[in-house]
Amino acid sequence: MSNRTKFALIDCNNFYASCERVFEPKLEGKPIVVLSNNDGCIIARSNEAKALGIKMGAPFFKVKNLVAKNNVVVKSSNYPLYGDMSSRVMKIIGEYSPVQEIYSIDESFIELERLPFNLMSHMQSLRQRVKSWTGIPVCVGIGSTKVLAKLANRIAKKYSRFNGIFDIDDLPYDRYCKLLQSIEVGDLWGVGSQSAKKLNRIGIHTSYDFYKADVGIIETLLGVNGKKVYQELYGNSCIPIEVIPPTRQQIVSSRSFGSDLKDFDELNQALTNLTRKAVNKLNNHKLATTTITVFIYTNPHKKDKPYVHLSKTVGMTSAIQDESQIIPLVAQILRLIYKPGHSFYKGGLVLANLTKDYQQQDLFSVNQNPKIESFKLQKSNTIRGVNKKFKESIKYASELGNNRWLPRAEFRSNRYTTNWSELLII
DNA sequence: TCTGGGGTCCTAGGACCC
DNA sequence: TCTGGGGTCCTAGGACCC
């Protein structure tokens with residue numbers, strides 16, 4: 001047991017709600033919810049809000065009464081703040097192990113093998129340091145596989161007597177089985193609602209049922225991923241830590257609009273903005289794309305009107321990476337799919353087939369005057385430089401207009417850590 | 001009636017995660 | 001009135017190749 005690899009999962013408690021509290025300490029002890037883009041759904045809740053029965057993912061308008069009655073504090077999401085807080089937290093976690101995977105904005109796995117420390121006090125020190133340096137509370141789950149570390153984290157969060165740290169390997173076998181019996185199979189990491197339904201149909205309801213089932217049946221029903229989860233419950237590590245994030249496969253940029261859009265120019269305005277965001281990401285990763293998908297669709301929740309989903313994918317013979325190439329192309333594709341008379345609720349684009357090698361020229365293209373090519377490159381570098389220094393001061397004209405697409409964000413807090421004009425004032 | 005075998009690549013759809 | 005956004009991987013089926 002003791003010389004097996006050990007993993008720890010560090011998970012921030014109610015991350016977005018906790019970020020809001022750091023800069024508004026009077027919210028401590030009060031119920032808080034954070035809304036998705038466009039103030040649509042609940043995407044984070046403080047413990048107090050959870051206790052009121054506010055569900056994850058609930059549409060905001062459906063819980064407005066409950067929220068008002070209980071004086072729940074409402075915040076629009078503030079990703080610049082959360083992203084910056086996340087990188088601070090992750091950096092501190094990284095000081096506690098040479099092997100770290102940043103799994104999501106609020107979770108990180110680390111490997112604990114061969115660390116010359118008492119594990120418990122080492123992790124206790126991590127928790128305290130993250131809390132005192134950033135204000136964010138975290139819990140630590142420890143186990144010999146990632147699935148077990150995830151499970152352990154649940155326990156650490158749920159029972160305060162563990163002081164935020166739980167090592168599942170410390171459980172004797174019978175207690176481990178008891179624990180599995182208390183957890184629904186759909187709550188295991190990697191078993192989602194669809195798989196849970198399939199398993200329920202053959203009498204597998206708890207994680208313990210799953211643990212005791214035949215591995216062949218699990219593989220037939222859930223495929224290789226289900227089998228991995230199964231084996232990880234037995235302590236056989238199948239899902240390795242990924243220290244280096246794999247290269248991106250695609251970049252998606254999409255939004256539901258602040259108001260439904262009918263007009264082509266309005267849609268194009270929104271799409272230009274989204275394209276610029278996607279291209280910035282592309283450039284930051286030093287990638288180029290050869291496949292662009294553009295899509296727009298009407299509100300699927302409105303039953304009185306037909307749901308219309310329009311999209312088109314275009315492939316190119318050579319990879320492109322420049323705003324001046326991609327923005328006009330997106331506008332062209334939008335022109336091809338656009339149909340008047342519908343109220344579009346959401347739209348976006350996907351850049352796919354990403355490649356590092358964007359110098360490759362098209363064999364059949366003509367007029368590749370090297371002077372012109374180098375001028376183009378110089379131009380786009382200049383624009384990028386100016387925009388970096390003077391925040392988004394050069395834009396495509398197609399992005400300017402009536403801004404009806406801008407998402408609602410009625411309850412947004414300040415970008416305390418990333419914007420000079422929104423610093424905390426004491 | 002009987003109709004090879006082995007492989008790749010691409011796409012769409014489904015499932016999962018946060 | 002009001003329902004998020006951004007990812008990954010797997011699988012099945014079709015097209016195509018020799």
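Only this structure's heavy atoms are used, side chains among them; waters, hydrogens and symmetry mates stay out. Nothing here was measured: the structure is a model prediction, and the numbers come from that model.
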I'd like to know whether A:Tyr16 forms a ring pair (Phe, Tyr, Trp, His ring centres under 6.0 Å) with A:Tyr79, so could you lay out the CA-CA distance, the side-chain angles of the two residues, the decisive distance to 0.1 Å, and finally the verdict.
CA-CA 9 Å; A:Tyr16 298 168; A:Tyr79 287 103; 5.8 Å; yes

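Ring-plane geometry between A:Phe210 and A:Tyr230 is classed as perpendicular, the angle between the planes exceeding 60 degrees on a 0 to 90 degree scale with a lower cut at 30. Ring pair A:Trp189/A:Phe109 is tilted by interplanar angle, where 30° to 60° counts as tilted.
Taking a 6.0 Å sphere around OH of A:Tyr307, one finds it holds more than 12 heavy atoms contributed by other residues, nucleotides or ligands. Within a 6.0 Å radius of NZ in A:Lys55, other residues, nucleotides and ligands contribute 12 heavy atoms or fewer.
Among the nucleotides C:dT3, C:dC10, C:dG5, the one closest to any side-chain atom of A:Val224 is C:dC10. Comparing atom distances between the A:Tyr103 side chain and each of B:dC17, C:dT3, C:dG4 picks out B:dC17 as nearest.
If you take CG on A:Asp187 and OG on A:Ser207, they are separated by 7.0 Å, rounding to the nearest 0.5 Å.
Across all strands, A:Tyr345 comes closer than 4.0 Å only to sugar-phosphate atoms, never to a base (heavy-atom distances). No contact: A:Asp39 has no heavy atom under 4.0 Å from any strand. Contact annotation for A:Asn37: backbone-only contact, meaning every heavy-atom pair under 4.0 Å involves sugar-phosphate atoms and none involves a base.
Of the side-chain N and O atoms in A:Lys277, none sit less than 4.0 angstrom from OP1 or OP2 of C:dG5.
Of all the residues in residues 229-254 of chain A, A:Arg248, A:Gln249, A:Gln250, A:Ile251, A:Val252, A:Ser253, A:Ser254 reach under 4.0 Å from DNA chain C with at least one non-hydrogen atom. Listed by residue number, A:Leu188, A:Trp189, A:Gly190, A:Val191, A:Gly192, A:Ser193, A:Gln194, A:Ser195 are the residues of residues 187-212 of chain A with a heavy-atom contact under 4.0 Å to DNA chain B.
Both tests do not hold together for A:Arg335 against A:Tyr338: distance to the six-membered ring centre under 6.0 Å, angle to the ring axis within 45°.
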Counting Watson-Crick and G-U wobble pairs with both distances under 3.5 Å, what is the dot-bracket string for DNA chain C, 5' to 3', using [ ] for crossing pairs and | for pairs to another strand?
....||||||||||||||

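Between A:Lys64 atom NZ and C:dT3 atom P there is a gap of 11 Å when expressed in whole angstrom units.
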